Each structure stands twice: as C-alpha cells, then as structure tokens.
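This one's a predicted model, so the numbers in the text were calculated from it and none came from an experiment. All chains are named by letter (A, B, ...) in the order of the sequence lines, taking the proteins before the strands, and each is independently numbered beginning at 1.
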2 protein chains.
Amino acid sequence: MVRRNASLAQQIILEMLSEIKSGTMARDDGLLPSETELSRRFEVSRATVREALSKLEMAGVIIRRQGVGTFVNSRSSGQRAAVRGWFDEATALIDFVRDSDSQAQAQVIESRIRPANEVAGCLELEPASSVVAIEKLFLSGGIPVIHCANVIPLSLVEPGSVEKAAELFRGAESAYQFIAHYCHHRVHHQQSETRAALADEKLAHLLQCQLGAPLLRVEEVAYNAELRPVFYGLNHFRGDLVAFRQVRHPALTIGPLAATPG
Amino acid sequence: MVRRNASLAQQIILEMLSEIKSGTMARDDGLLPSETELSRRFEVSRATVREALSKLEMAGVIIRRQGVGTFVNSRSSGQRAAVRGWFDEATALIDFVRDSDSQAQAQVIESRIRPANEVAGCLELEPASSVVAIEKLFLSGGIPVIHCANVIPLSLVEPGSVEKAAELFRGAESAYQFIAHYCHHRVHHQQSETRAALADEKLAHLLQCQLGAPLLRVEEVAYNAELRPVFYGLNHFRGDLVAFRQVRHPALTIGPLAATPG
DNA sequence: AAGTGGTCTAGACCACCAT
DNA sequence: TGGTGGTCTAGACCACTTA
C-alpha cells in the first residue's frame with residue numbers, strides 16, 4: 001500500500017478508500033473501526049488517523065458522528081455522470097468523469113499557439129503575448145458531456161519545448177501534467193467561478209445539444225507557489241447530464257455570527 | 001472576542017477575520033504573522049492555530065506557502081453578487097448574499113402546509129404525509145437573484161407548534177433556525193447537487209428574467225446526527241448575476257493515483 | 001543558516017451517546 | 001459506565017524558501 005513521498009495520512013486515505021470499496025473495512029451497516037482502532041492497525045498516532053478521516057469526510061466519503069462512530073456515506077456511492085468533490089480538489093477533470101464511468105474518454109479537438117487576447121488579464125499577460133491553447137471534449141458512454149478549453153502562457157514552457165508545445169499539449173494527459181513536465185511548475189491552488197450559461201452554436205454542436213440548452217460554466221485560474229498564474233481553463237458541462245455533488249458541513253461559521261437562513 | 005461554547009480554533013477564526021478585514025493583522029503585501037507568532041499571541045498551541053488556518057484556507061480567505069508564510073487571498077475579497085464557500089459550509093443563504101451586499105433582503109412569497117408529494121422520496125416520507133413549505137426570494141440591490149424553496153416534514157415540528165408551523169416558518173430567519181427552534185434538531189450535514197437549468201414561466205416571472213434564461217439549480221437535503229432528513233431545499237440562482245467562487249487545492253488525491261488531466 | 005509551513009507523536013481531557 | 005469522536009497541548013523533526 002505504501003507510496004514513496006506520500007504522507008502517512010495520504011497513504012491511509014488510499015488504503016481506506018480501497019478497503020471501503022472492497023467492503024472489507026466497514027460493517028454491514030457502514031460502521032468503520034474507531035479512530036483508536038485505526039491508529040493501532042496502521043501503527044500511527046490518532047492525530048494522523050484524524051487527519052486522514054477529515055479529508056475523507058470533506059470529500060463526502062464518510063460521515064462522522066460524535067459519540068457514535070464513523071460511517072461510510074452510502075448516499076455518496078453508485079452515482080451517475082456526477083462530478084464529486086471537484087470543487088475542493090483541483091485535480092484533473094477526466095479522473096472525476098472516470099469516477100462515475102470508467103470508460104470515459106477525452107478527445108482533443110484542437111491545440112495550437114495563439115495570442116493571449118481575452119485571457120491576457122486572467123493570466124497577467126500582455127494581450128499580444130503567446131499562449132498554448134487546447135480544446136477537448138470528454139465523453140461518457142459515448143456522449144459528449146464536457147467541453148474544456150485550457151490556456152497556458154508560452155513563456156512558462158521550457159525553451160526546448162516551445163516549438164512543439166501545441167503537439168506536446170495534445171499528447172499530455174492534462175494541463176497539470178503538461179505544466180509539470182514541460183514547464184517545471186506545480187499547481188499550488190486554483191480559483192474557480194461557477195455560473196449557468198446557455199449553449200451557443202459552437203457548444204451546441206460539440207456537445208450535441210440544442211441551441212440555448214442549459215450548461216454549467218466553470219472558469220478557473222491555476223497558480224503556482226509564487227502565486228503566478230500558470231493556466232486558465234473554461235469548462236462547460238451539459239446541465240442535463242452532469243451534476244456536482246457536495247457534502248456540506250456546518251463547521252466554519254465565517255462572516256455571520258449565527259447560522260440562520262436557508 | 002471570546003464566544004462561550006466556541007472552540008479555541010473557532011474564536012481564532014473570528015478574531016483573524018475581523019483583524020484581516022480591519023487591516024490590522026496583515027502586512028501591506030498581505031503577509032500574516034507566522035504560526036509560531038500567532039500561537040504566542042493567542043496563547044494556544046501551534047496545532048490549534050493550524051486548525052484555524054486550515055479552515056480559513058479552505059474557505060479561500062488565506063493562502064499558505066511552505067517556507068514562505070501565510071498571506072491573505074487578495075483575489076478573494078471585494079466581490080460582486082458572489083456566493084463564496086457555500087458548498088462547504090451548510091449555513092444560511094442570506095448570510096452569503098449579505099457577504100457581497102450587506103443590504104440584501106429576503107422576501108417570503110408563500111408558506112403553507114401541504115402533502116410531501118414529489119419530495120417524499122428525498123425526505124424519506126410517504127407522499128401523503130404533511131410538510132411545511134416556504135418559498136422565498138433573495139434580493140440584492142433590489143434585484144431578485146435567488147429563488148429558494150424549503151420543505152420540512154411536519155412530523156419533526158414540536159406538537160405545540162404544528163398548528164402555526166406555516167406562520168412560524170414565515171417568521172423564521174432560515175430553515176436552520178426554524179429546525180433548531182421548533183423541531184429541536186440541528187443540521188449535521190447536507191448533501192447538495194448543482195446543475196444548470198432554464199427559467200420556466202414561474203421562475204422567469206419571480207426572478208424578473210427571460211423565459212429560458214440560464215439558472216444555477218442547487219438541490220439539497222439536510223440530515224441530523226441520526227442521519228434522518230430534516231429538510232429539503234431547491235434553490236435557483238440567476239446565472240447572469242450570481243457566481244460560486246471556490247478555491248481548490250490539490251490536497252486530496254482521491255480515486256486516481258496521479259493528478260493528471262484538465 | 002535561519003525561518004517558514006508540513007508532518008507526526010503521545011498523551012490528556014471533554015462532550016456526546018449508548019447501555 | 002464505557003466507548004466514541006472533538007479539542008488541545010508540548011514537543012519533535014522534516015521540507016522548503018530566502019538570504
């Protein structure tokens with residue numbers, strides 16, 4: 001189970017996910033071993049177990065009940081074309097689509113080098129400076145469900161790869177991978193903005209839906225550790241086929257002093 | 001600054017939010033005191049400071065950079081009609097609207113007792129059993145931006161309040177408050193599903209937008225500590241005026257072994 | 001080299017829930 | 001009353017960045 005260079009908590013997360021999936025960890029009613037029991041089994045401190053459980057809870061995988069125990073969240077498994085936890089995780093889209101459809105495919109429409117233009121502001125570039133852009137479609141069950149456009153400043157690409165940047169991007173598994181391999185940067189965090197939009201002619205054609213059909217639009221900018229933008233993404237999800245599922249906890253009472261409305 | 005019955009971490013969160021807002025905590029470039037310094041100032045252990053900082057980071061308020069320091073997220077403040085962090089928090093909608101417009105108003109359209117019907121499944125009720133339902137509009141700058149429908153099983157309402165449940169719900173600040181006051185339950189967590197949808201005739205009229213305008217639809221079910229559903233909510237956000245803003249971190253690598261696509 | 005955040009430990013006490 | 005998760009401590013070492 002051990003992965004080099006992964007924290008103990010991360011290793012415990014992966015092991016627990018695996019054992020939850022195979023059904024060897026939880027009781028029939030979903031009850032998991034207690035934190036003390038888990039810390040004995042994994043030979044780590046209880047604090048480390050709690051670190052792992054906190055992330056699994058945030059991801060909606062488990063439910064913790066004080067004085068009772070920790071349970072697997074049965075309402076969270078066995079889903080349709082749902083994107084779960086994506087808002088918190090900043091990892092590749094395709095992985096989340098595969099979570100509900102292991103046969104999901106990514107299909108590159110186009111990749112090329114072009115001026116930054118309309119995304120210059122987001123990426124903190126001059127409008128005339130060059131970027132590598134890619135357009136993809138994600139298919140689930142053979143049906144296009146997500147359209148995705150990613151843009152990376154060409155100035156970030158290592159000198160030896162600038163010439164073939166478009167081609168390399170086309171071959172990369174994701175923007176994350178391209179940035180790691182050919183720009184020697186890592187994504188530190190992303191800021192995203194989610195809205196509703198209507199399918200225009202181009203998107204309707206690509207996503208095989210009607211003109212004016214409802215779409216979820218997620219715009220995102222990724223930053224490296226120096227807080228410099230490393231990529232821009234514009235994603236459109238078919239509103240009738242895709243849903244974002246989240247588990248929300250009344251933990252942080254940020255801003256207002258009392259939890260009130262609804 | 002102290003609030004009774006609040007954890008030290010929670011108190012630190014509120015204090016830091018206040019000091020960040022007033023500008024007395026961060027340096028001009030946004031750098032906050034180190035964790036060690038904060039633990040001295042608040043007279044708590046570093047672990048407790050980190051607990052608070054983790055939640056502020058998740059909420060997108062601060063950015064932590066290993067080896068450098070902790071900074072306020074300047075891109076996160078000074079927003080429009082944005083809903084920030086709502087996916088993680090499970091608190092009242094109105095508070096989040098007020099976050100970007102302190103003049104925001106809630107306006108009750110209707111509240112009544114009716115059969116569960118179409119929401120019976122979500123609430124684990126018989127279709128014929130009674131529920132208290134409320135419909136609200138949230139206005140920002142005088143413009144309706146969110147339509148919200150909440151449903152609570154009448155069986156949860158304390159016997160003495162059943163008769164006037166509709167009226168009491170109308171007077172309550174939120175579904176959370178109604179449930180706490182008149183049902184003696186607390187929300188343990190919520191499951192939500194976000195999609196894109198089009199405005200039908202009714203919603204177009206209420207939200208003062210065109211028929212077929214894009215809307216964000218968030219459907220949610222809240223559960224108490226015993227994992228019994230306590231309320232159902234169906235919220236529609238005007239796609240042109242409201243956006244969900246999130247900060248995503250590549251922390252949890254759940255499911256896939258490598259962070260890959262985009 | 002010095003300072004930062006990231007990880008981890010061993011132990012303590014509390015609030016809550018079951019019995 | 002015993003077991004659970006929730007909170008908190010004091011200390012240690014590591015990885016990373018900056019100077």
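Side-chain nitrogen and oxygen atoms of Thr48(B) include at least one within less than 4.0 Å of the OP1 or OP2 phosphate oxygen of dT9(D). Put simply, Ser7(A) has no side-chain N or O that comes within less than 4.0 Å of OP1 or OP2 on dG6(C).
In this entry the distance linking CD of Gln10(B) with P of dG6(D) reads 15 Å, nearest Å. For the pair Ile63(B) CD1 and dG6(C) C1', the interatomic distance rounds to 16 Å; values are reported in whole Å. What separates CZ of Arg64(A) from P of dG3(D) is a distance of 21 Å, to the nearest Å. Residue Glu37(B) contributes atom CD, which lies 15 Å from atom C1' of dG5(C) at whole-angstrom precision. Rounded to whole angstrom, the span from the CD atom of Glu51(B) across to the C1' atom of dC8(D) amounts to 10 Å. Separating the CD atom of Glu57(A) from the P atom of dG5(D) is a distance of 11 Å, rounded to the nearest angstrom. Spacing between atom CD of Glu226(A) and atom C1' of dT4(C) amounts to 15 Å, rounded to whole angstrom units. Rounded to an integer number of Å, the gap from NE2 of His188(B) to C1' of dA15(C) is 14 Å.
Aromatic ring centres of His188(B) and Tyr223(B) lie farther apart than the 6.0 Å criterion allows.
For the pair Ala47(B) and Arg186(A), both in contact range of DNA chain D, the more 5′-proximal nearest nucleotide belongs to Ala47(B). Residue-to-nucleotide proximity on DNA chain C shows that, of Leu53(B) and Ala225(B), the 5′-proximal contact is made by Leu53(B).
In the set dT9(C), dT9(D), dT7(C), dT7(C) carries the atom at the smallest distance from any side-chain atom of Arg50(B). Of the candidates dT9(C), dG5(D), dG5(C), the closest approach to any side-chain atom of Ser34(B) belongs to dG5(C). In the set dG6(C), dG5(D), dT9(D), the nucleotide with an atom closest to the side chain of Arg46(B) is dG6(C). For Gln66(A), the listed nucleotide lying nearest its side chain is dG5(D); candidates were dT7(C), dA15(D), dG5(D). Side-chain atoms of Val44(B) lie closest to dT9(D) of the nucleotides dT9(D), dT9(C), dG5(C). Among dC17(C), dC8(D), dG5(D), the nucleotide with an atom closest to any side-chain atom of Val68(A) is dC17(C). Relative to the side chain of Leu8(B), the nucleotides dG5(C), dT9(D), dG5(D) differ in distance, and dT9(D) lies closest.
No donor-acceptor distance shorter than 3.5 angstrom exists from the side chain of Arg245(A) to the backbone of Glu193(B), with no hydrogens or angles considered. In terms of modelled atom types and a separation under 3.5 Å, the side chain of Ser161(B) and the main chain of Val157(B) share no donor-acceptor contact. Gln177(A) contributes a side-chain N or O that, together with a main-chain N or O of Glu173(A), makes up a donor-acceptor pair within less than 3.5 Å.
Using a 4.0 Å heavy-atom criterion, one finds that Ala9(B) contacts the sugar-phosphate atoms exclusively. Among the heavy atoms of the strands, none lies under 4.0 Å from Thr36(B).
Taking only distance into account, the side chain of Arg65(B) never meets the base of dG6(C) through a donor-acceptor pair shorter than 3.5 Å.
Salt-bridge check for Arg41(A) with Glu15(A): failed, with every basic side-chain N at 4.0 Å or more from each acidic carboxylate O.
Around CD of Glu37(A), the count of heavy atoms belonging to other residues, nucleotides or ligands within 6.0 Å exceeds 12.
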